[in-house]
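Working notes for the structure below.
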Number of protein chains: 2
Amino acid sequence: MGVMGDRTEPRWLSDGEQHVWRSYLHATTLLEDHLDRQLQRDAGMPHVYYGLLVQLSQAPRRRLRMTELAKSAKITRSRLSHAVARLEKNGWVRREDCPSDKRGQFAQLTDEGVEVLRRTAPGHVAAVRQAMFDRLSPEQVEQLGTIMRVMAEGLEPAGPDADLPWLR
Amino acid sequence: MGVMGDRTEPRWLSDGEQHVWRSYLHATTLLEDHLDRQLQRDAGMPHVYYGLLVQLSQAPRRRLRMTELAKSAKITRSRLSHAVARLEKNGWVRREDCPSDKRGQFAQLTDEGVEVLRRTAPGHVAAVRQAMFDRLSPEQVEQLGTIMRVMAEGLEPAGPDADLPWLR
DNA sequence: GACCCGTTCTTGAAAGTTGAACTATGTAGG
DNA sequence: CCTACATAGTTCAACTTTCAAGAACGGGTC
């Protein structure tokens, strides 16, 4: 295969593959919408913001540097800045200067933030369970885990030659 | 289990389940981000908008009623209105009045819209293939299809008692 | 017709996201 | 010290999404 200007017919998806792809899109968008609405209603924030609180709650001293939080939540620093600003207004997160690096900021989960999680986590887990784990057999759960890990490997940013595909 | 005010300890996710859930979130967000960027770069629109053009391209006379298009793309009518307005500005979609129902509108794919798809579809398919089908075994693809279908069933809006869970 | 109710689609404002530009700080080399 | 460059985080403008009205039509019923 040439690197650029490849004029050969692309390898379209087979009928089966198309069907799987559509099912994938269907299910993932429905689930993300469902969780977004559930959390917006019960916790007053979108799913991504909830994920930020969860990350913080599991970090030592319930705080993380902005960049680390962005990486673990797989969002841009820009997006995180806006998100933390909003969560700060709600009183769920507090910013703290990093003593060792004056550029740095910690995002720290407040007690109120912990309380929000304590109050809303059960409903969220129930939603996840109802949509996924209560409907799949143990074998399917295991298969799903394997499949998702494989897919993630191929998409890992800065993964093995991720930005140097011409070297493969 | 009580219907409301259930004070029993919620069924938290097991370690294995948590791991699968994280892999799922990780993979799906990475893939969606990847496709969004790929299409924004190569086609000048986000993934959802691209999906709208695809739906239209497969419809008879390359047109659909707004509500049907919204349903098949699983987005709200409001969102679709804004999206079609944007696609119309690009010249890729045209609105047409419905003769039989004066409230109705058709969204019709223009020749330019077809051309955009023709030009960008190969790259998009390649991205999907590279992220999913080239990395999974045929068995895994089949497993994924089954799993996604099962999950979608449980999330289907207006599905079996979807909004009446207390009757189950 | 007049009324009511449901459906179709649009609109406007607020919230969220993106990518690029920008500030401030750290780090390495001369 | 000074320059050059990298890193951490924010900000701005453009764009997208959501939510709550709202405008217009259709299909009854009286």
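Note that these values count all heavy atoms, side chains included, but never hydrogens, waters or copies made by symmetry. A, B, ... follow the sequence lines: proteins, then strands. Residue 1 opens every chain. Everything quoted here is computed from the prediction, not taken from an experiment.
Using a 4.0 Å cutoff to heavy atoms of chain B, the contacted part of DNA chain D runs 5' to 3' from D:dT16 to D:dG26.
Under the side chain to side chain donor-acceptor pair (under 3.5 Å) rule, A:R63 has a single partner from A:E68, A:E96, A:Q105, which is A:E96.
A:L35 and A:L136 fall within a single hydrophobic cluster, where Ile, Leu, Val, Met, Phe, Trp and Tyr side chains are chained together by heavy-atom contacts under 4.5 Å.
Using a 4.0 Å cut-off on heavy atoms, the residues of residues 70-107 of chain B that approach DNA chain D are B:S78, B:R79, B:H82, B:R86, B:D101, B:K102, B:R103, listed by number. Of the residues in residues 47-61 of chain B, none has a non-hydrogen atom less than 4.0 angstrom from any atom of DNA chain C.
A donor-acceptor contact closer than 3.5 angstrom is absent between the side chains of B:T110 and B:E112.
For A:E115, the CD atom is densely surrounded, since the number of other residues' heavy atoms within 6.0 Å is greater than 12. In this structure, A:K102 places its NZ atom where only 12 or fewer heavy-atom neighbours from other residues, nucleotides or ligands lie under 6.0 Å away. Counting non-hydrogen atoms of other residues, nucleotides and ligands closer than 6.0 Å to CD of A:Q18 gives a total above 12.
Each ring pair (Phe, Tyr, Trp, His ring centres under 6.0 Å) pair with one or both residues in residues 57-112 of chain A, not counting sequence neighbours, would appear here, but there are none. Residue pairs satisfying the ring pair (Phe, Tyr, Trp, His ring centres under 6.0 Å) criterion with at least one member in residues 115-137 of chain B, sequence neighbours excluded, are listed as follows: B:H47-B:H124, B:Y50-B:H124.
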Acceptor/donor pairs from residues 52-61 of chain B side chains to any protein atom, 3.5 angstrom cut, sequence neighbours excluded:
unit_1 : atom_1 : unit_2 : atom_2 : d
B:Q55  : OE1    : B:S72  : OG     : 3.4
B:S57  : OG     : B:V54  : O      : 2.7
B:Q58  : OE1    : A:R22  : NH2    : 2.9

Exercise for review: Take B:R62 and B:D111 through the salt bridge (Lys or Arg N to Asp or Glu O under 4.0 Å) test and state the conclusion after the steps.
Suggested key: CA-CA 10 Å; B:R62 303 208 297 247; B:D111 290 347; 3.0 Å; yes
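Taking only side-chain nitrogens and oxygens, B:R37 comes nearer than 4.0 Å to OP1 or OP2 of C:dG19.
Toward the 5′ end of DNA chain C lies the nearest nucleotide of B:M66, the other residue of the pair B:M66 and A:M45 mapping further downstream.
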